[in-house]
Structures are given as C-alpha cells and as structure tokens.
Engineer: 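What follows is a structure written as structure tokens; I'll ask about it next.
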Amino acid sequence: QVPPGRCSLFDPAFSAQEAAALGELGLRLLPDNEEGKHGIEGSATLFYMVHCGKALYNNLLWRNWSEGALSKMVIVGNSFKGMEERLLSRILERDYSYIAKVFKGTEEVALPNHPRYLDTFNDTSVHWFPLHKLKELSPEVWDFVEEPTYQDCDDLEIIRKDDRADGRSPVATES
C-alpha cells in the first residue's frame, strides 16, 4: 500500500474545495501545471490518467524518455492502441511522436467494460513498458528528444499552464 503522502495529484480543474479535501486526506497536490511533463525521478510510478488528452501522454513519455525511466512506469489511461487505430499515422507521428515511437515497447491490457457504463471507460487500458521490449527498439528511437510543441495540432485537448492562473497535472503515485 502506498502511503497517501507519496501520492501526488493534479488536475487543472480542481476547485479550491476539492484541493482542500484532497489535502485533508493527506494527498500531495502538485503546485504547478506541468502539462503532463512529470518526471518519475527514479521511482516506480503509477499514473492514473483516464480521459486525458493525447498531448498529456506524449508529454509524460517525453519527460521520461529513457529505457530506465519508462520501464518503471505504469499508465492507466486511454488506450494507445485505440489512438493508433483512430489517428492517421502521419498525424500521430507529427503531433504525438513519443506515443508513436513507444508502441512496440508497450504492453497494454484493456480494462473490462462495465455493462451499465459502456461508453464511459470503454477505452481504458493499463500500459507498461517492459525493459526487454524497450531494449529491442532501434537506437535511433532514443536519439530524438526534442520537447513537443504542438504548433500544428488542431485538437490539442490539454489545458496549457498559460491557460489558467492556478495552472495545476495528472495524478501520479510513486512507490
């Protein structure tokens, strides 16, 4: 069990009341909107990112773009396979290149659908990055580490830190 003080949370939509309640539970709120660019700093980390925009996943991967860091991460969130199926490959590679590059290094298991809420969590999966699969990726995959900018992206689906004065990021649990 992970102690509440080791659980970091962020959502730019948290109200002051919600933030206070989470603080009362002993959870740590990240002070700034990292736009998903949260580094794991060497700790095994679970990210709960259900219904987040693709840019948040892409930013998270970019920030932790190494075999060592990715192999310590688990993401519960939107299906990467679903993203691959729904987006044109040129758009995926242009706008969300880190998601595109890590497909072959990812294991993904879809969470079962709830019969009553078929349209709510129907695209939720657990993702992890086994070290042996990451080592099989070509060395060129690891060479390009430019920070994503999303200049040509039409549907960004992210609250940028400049979009809100209190600018807060996704939920992270370190263990």
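Note that the structure is a prediction, hence the values are computed from the model and not measured.
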Engineer: To the nearest 0.5 Å, what is the distance between CG on L87 and CG on L92?
Structural biologist: 5.5 Å
Engineer: Show every side-chain hydrogen bond (donor to acceptor under 3.5 Å, both in side chains) that has at least one partner inside residues 84-103, sequence neighbours left out.
Structural biologist: R86-D123
Engineer: Taking A13's backbone N and O only, do any of them form a donor-acceptor pair with D11's side chain (distance below 3.5 Å, no angle check)?
Structural biologist: yes
Engineer: Do you know which two heavy atoms are closest between S8 and L30, and how far apart they sit?
Structural biologist: CB-CD2, 3.8 Å
Engineer: Is there a path of hydrophobic side-chain contacts, each under 4.5 Å between heavy atoms of I/L/V/M/F/W/Y residues, joining L131 to L61?
Structural biologist: no
Engineer: Not counting sequence neighbours, which residues clear side chain to side chain donor-acceptor pair (under 3.5 Å) with T106? List them please.
Structural biologist: none
Engineer: Show me the pairs that pass salt bridge (charged side-chain N to carboxylate O under 4.0 Å, His left out) and involve residues 48-64, at least two apart or across chains.
Structural biologist: E41-R63, K54-E157
Engineer: Give me the ring orientation class for F47 and H38: parallel if the planes are under 30° apart, tilted from 30 to 60°, perpendicular past 60°.
Structural biologist: perpendicular
Engineer: P130: what forms a side chain to side chain contact (heavy atoms under 4.5 Å, CB included) with it, not counting sequence neighbours?
Structural biologist: E107, W128, H132, K133
Engineer: Partners of K81 by side chain to side chain contact (heavy atoms under 4.5 Å, CB included), sequence neighbours excluded?
Structural biologist: S79, E108
Engineer: E146: what forms a salt bridge (charged side-chain N to carboxylate O under 4.0 Å, His left out) with it, not counting sequence neighbours?
Structural biologist: none
Engineer: Out of curiosity, K104 NZ to L134 CG, how far, rounded to the nearest 0.5 Å?
Structural biologist: 13.5 Å
Engineer: Any side-chain heavy atom of M73 within less than 4.5 Å of one from I40?
Structural biologist: yes
Engineer: Should I75 and F80 count as side-chain neighbours, where that means a heavy-atom distance under 4.5 Å?
Structural biologist: yes
Engineer: Show every side-chain hydrogen bond (donor to acceptor under 3.5 Å, both in side chains) that has at least one partner inside residues 66-75, sequence neighbours left out.
Structural biologist: E67-K135
Engineer: List the residues meeting ring pair (Phe, Tyr, Trp, His ring centres under 6.0 Å) with F129, not counting sequence neighbours, and say none if there are none.
Structural biologist: none
Engineer: Using every non-hydrogen atom in the two residues, find where G105 and L137 come nearest and quote the distance to one decimal.
Structural biologist: N-CD2, 4.0 Å
Engineer: Residues two or more places apart in sequence or in another chain: which of them pass side chain to side chain donor-acceptor pair (under 3.5 Å) with Q17?
Structural biologist: none
Engineer: Tell me every residue that passes side chain to side chain contact (heavy atoms under 4.5 Å, CB included) with E147, counting only those two or more places apart in sequence or in another chain.
Structural biologist: K37, W62
Engineer: Just verifying a value: how many Å separate L29 CG and F14 CZ, rounded to the nearest 0.5 Å?
Structural biologist: 6.5 Å
Engineer: What residues form a side chain to side chain donor-acceptor pair (under 3.5 Å) with Y150, not counting sequence neighbours?
Structural biologist: N58, N59
Engineer: Compare every heavy atom of R6 with every heavy atom of S43, then report the nearest pair and how far apart it is.
Structural biologist: OG-NH2, 4.3 Å
Engineer: Could you pull out all residues at least two apart from T149 that satisfy side chain to side chain contact (heavy atoms under 4.5 Å, CB included)?
Structural biologist: Q151
Engineer: Considering non-hydrogen atoms only, spot the tightest contact between G36 and L56 and give its length.
Structural biologist: N-CD2, 3.5 Å
Engineer: So how far is it from S125 OG to L111 CG, rounded to the nearest 0.5 Å?
Structural biologist: 6.5 Å
Engineer: When you compare the side chain of V2 with that of C7, does any pair of heavy atoms fall below 4.5 Å?
Structural biologist: yes
Engineer: Is any side-chain heavy atom of W65 less than 4.5 Å from a side-chain heavy atom of V141?
Structural biologist: yes
